[in-house]
Undergrad: 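Input: one structure, supplied below.
Lettering follows sequence order; numbering is per chain, from 1.
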Number of protein chains: 2
Amino acid sequence: MQNEPAEMPKIALRAIRSEAGLSLAQTAEITGVSKAMLGQIERGESSPTLVTLWKLAKGFHLPLTAFLEGAATTPPAVNFPESIRFRTLFAFDPTLGSESFLITLAPGQTHISHPHDAGVVEDIFVTEGTLELQLGETWTRYSAGAAVRFAADQPHSYRNPTENPALFHNTMHYPRI
Amino acid sequence: MQNEPAEMPKIALRAIRSEAGLSLAQTAEITGVSKAMLGQIERGESSPTLVTLWKLAKGFHLPLTAFLEGAATTPPAVNFPESIRFRTLFAFDPTLGSESFLITLAPGQTHISHPHDAGVVEDIFVTEGTLELQLGETWTRYSAGAAVRFAADQPHSYRNPTENPALFHNTMHYPRI
DNA sequence: CGGTCATGTCCGTTATAACGCACAAAGCGT
DNA sequence: ACGCTTTGTGCGTTATAACGGACATGACCG
């Protein structure tokens, strides 16, 4: 089983380069990788070294993952009922070790969460409105688009200090081992 | 000009391997990369090829990004050729076995995702607009508020058939072997 | 103290990534 | 047409990634 036909990982170099409107020569200039090599990489005739990939990333001022097809991934969607306060998006799954919720916090409301087990990590992503999170003594304010990850084995609270509802994503990770 | 001291990208191989409690020989067995080469990579004496990195990722059933330390430390938002925007909310964490993105799909755009490793589960939550997900042959439409979980070890695509941008959350789970 | 096994590193050879330069094809003036 | 430029690809050489097998070290056990 082990070696799959290998489906050699393809590099998004050609797409990125043409997006930037650069020639091979120009790309060689800014990346420090030879023109010939760039061509071979684009045609899949060569499997670049990590240092070469690094040069490309630096030259284009992009993260390395921008060139890797298999690194970042994709999405889809489905229909669900609406307007809920505390909605379970994905129930706990022992194999995956996580569960996630969509939480709506009404204006002025505060929610106190008791500490979870040691090692548990919690993710917050604010999709709408503004939310304040208390960790230890300090409250921190987060607005739509903010993403926070923190250790959940400590007391923490949420509150919505605004006049509008706050909507956020909450994912709990229960680490393996 | 600029060859910056280069800050040669470091590979997290040793950490991942010891985490899994494997010897070099065992690792060579499951990845198909020779023991000697694994040692050199771990000591930074060799810059692995993309195919080699790929073998490592396959062998450990991990995404490629799990091995790249400096990959996520560059820009936060990436522009893909096809007008799809990936913003990394939480980079891959081997302990938690997950990574998550915020994805914007422009009107009329389609994005094709290659199958991931067996057992990989993908979560989608639509926060804004409408998008369609293809699993196998069938397209399904999802609107804001919809949540989907599906096996990512199959080809899948998403598209935005509307006139407005679609915004959704994407979380990848890499289950323990 | 020897064996035996496991670990990781060193060494010689082969495969191939990366280079520089030269070339063929396509574009642009004049 | 003709040069001149710019595109990308081909070719020979060099650098190095990758391999298999031998080696040194330490752990465990008689």
Undergrad: Taking side chain as C-beta onward, heavy atoms only, is B:Leu135 less than 4.5 Å from B:Leu133?
TA: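 Yes - at least one pair of side-chain heavy atoms lies under 4.5 Å apart.
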Undergrad: Students often mix this up, so state it plainly: with edges at 30° and 60°, are the rings of A:Phe168 and A:Tyr158 parallel, tilted or perpendicular?
TA: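 Aromatic pair A:Phe168/A:Tyr158 classed tilted.
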Undergrad: Rounded to the nearest angstrom, tell me the gap between atom CG in B:Leu53 and atom C1' in D:dA18.
TA: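 Atom-to-atom, B:Leu53 to D:dA18, this comes out as 13 Å.
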Undergrad: Using only atom types and a distance under 3.5 Å, with no angle test, would you say the side chain of A:Arg17 pairs donor to acceptor with the backbone of A:Leu13?
TA: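 Here the side-chain-to-backbone pair does not exist.
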Undergrad: For D:dA18 and B:Ser34 - does any side-chain N or O of the residue sit under 4.0 Å from the phosphate oxygens OP1/OP2?
TA: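 The answer is no; no side-chain N or O of B:Ser34 sits under 4.0 Å from OP1 or OP2.
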Undergrad: How about B:Leu53 and A:Leu50: do any of their side-chain heavy atoms sit closer than 4.5 Å?
TA: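 When only atoms from C-beta onward are counted, A:Leu50 and B:Leu53 do touch, with a gap below 4.5 Å.
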Undergrad: So, is B:Thr49 near the phosphate of C:dA17, with a side-chain N or O under 4.0 Å from OP1 or OP2?
TA: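 Looking at the OP1 and OP2 atoms of C:dA17, neither is under 4.0 Å from any side-chain N or O of B:Thr49.
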Undergrad: Rounded to whole Å, how long is the line connecting atom CG of A:Leu50 with atom P of C:dA18?
TA: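 So the CG-P distance, A:Leu50 to C:dA18, works out to 10 Å.
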Undergrad: Using a 3.5 Å limit for the pairing distances, which stems of at least 3 consecutive Watson-Crick or G-U wobble pairs does DNA chain C take part in?
TA: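 C:1-23 with D:8-30, C:28-30 with D:1-3 - these are the stems of 3 or more pairs that involve DNA chain C.
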Undergrad: Within this structure, what is the CD1-to-P distance between A:Ile41 and D:dG10, rounded to whole angstrom?
TA: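 Going from CD1 in A:Ile41 over to P in D:dG10 covers 15 Å.
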Undergrad: Would you say C:dA17 has OP1 or OP2 under 4.0 Å from some side-chain N or O of A:Thr52?
TA: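 Answer no for this pair, as no side-chain N or O of A:Thr52 is under 4.0 Å from OP1 or OP2.
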Undergrad: Rounded to the nearest angstrom, tell me the gap between atom CG in A:Leu38 and atom P in C:dA17.
TA: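 In whole Å, C:dA17 P and A:Leu38 CG are 14 Å from each other.
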Undergrad: To the nearest Å, give me how far apart CD (A:Glu29) and C1' (C:dG20) are.
TA: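 Nearest whole value for this atom pair: 14 Å.
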Undergrad: For B:Gln40, check side-chain hydrogen bond (donor to acceptor under 3.5 Å, both in side chains) against everything at least two apart and list the hits.
TA: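 B:Gln40: no side-chain hydrogen bond (donor to acceptor under 3.5 Å, both in side chains) contacts found.
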Undergrad: Quick one: B:Glu45 CD to D:dT16 P, roughly how many Å, whole number?
TA: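 Spelled out: CD on B:Glu45 to P on D:dT16 is 13 Å.
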Undergrad: With heavy-atom distances below 4.5 Å as the criterion, would you say the side chains of A:Ile41 and A:Thr52 are in contact?
TA: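 The answer is yes; the side chains approach within 4.5 Å.
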Undergrad: Side chains of B:His156 and B:Gln134: does their closest heavy-atom pair fall under 4.5 Å?
TA: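 Answer no - side chains too far apart.
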Undergrad: Any non-hydrogen side-chain atom of A:Ile124 less than 4.5 Å from a side-chain atom of A:Tyr142?
TA: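 The answer is no; the side chains never approach within 4.5 Å.
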Undergrad: Could you tell me the separation between the CE atom of A:Met37 and the P atom of D:dG8, rounded to a whole number of Å?
TA: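 Rounded to the whole Å, the gap is 16 Å.
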Undergrad: Show me the protein contacts with nucleotides 4-9 of chain C, counting only N or O atoms at under 3.5 Å.
TA:
{"residue": "C:dT7", "atom": "OP1", "partner": "B:Ser23", "partner atom": "OG", "Å": "3.3"}
{"residue": "C:dG8", "atom": "OP1", "partner": "B:Arg17", "partner atom": "NH1", "Å": "3.1"}
{"residue": "C:dG8", "atom": "OP2", "partner": "B:Leu24", "partner atom": "N", "Å": "2.8"}
{"residue": "C:dG8", "atom": "O6", "partner": "B:Lys35", "partner atom": "NZ", "Å": "3.4"}

Undergrad: Is a side-chain donor or acceptor of A:Thr31 paired with a backbone partner of A:Lys55 at a separation under 3.5 angstrom?
TA: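 Not confirmed, A:Thr31 side chain does not pair with A:Lys55 backbone.
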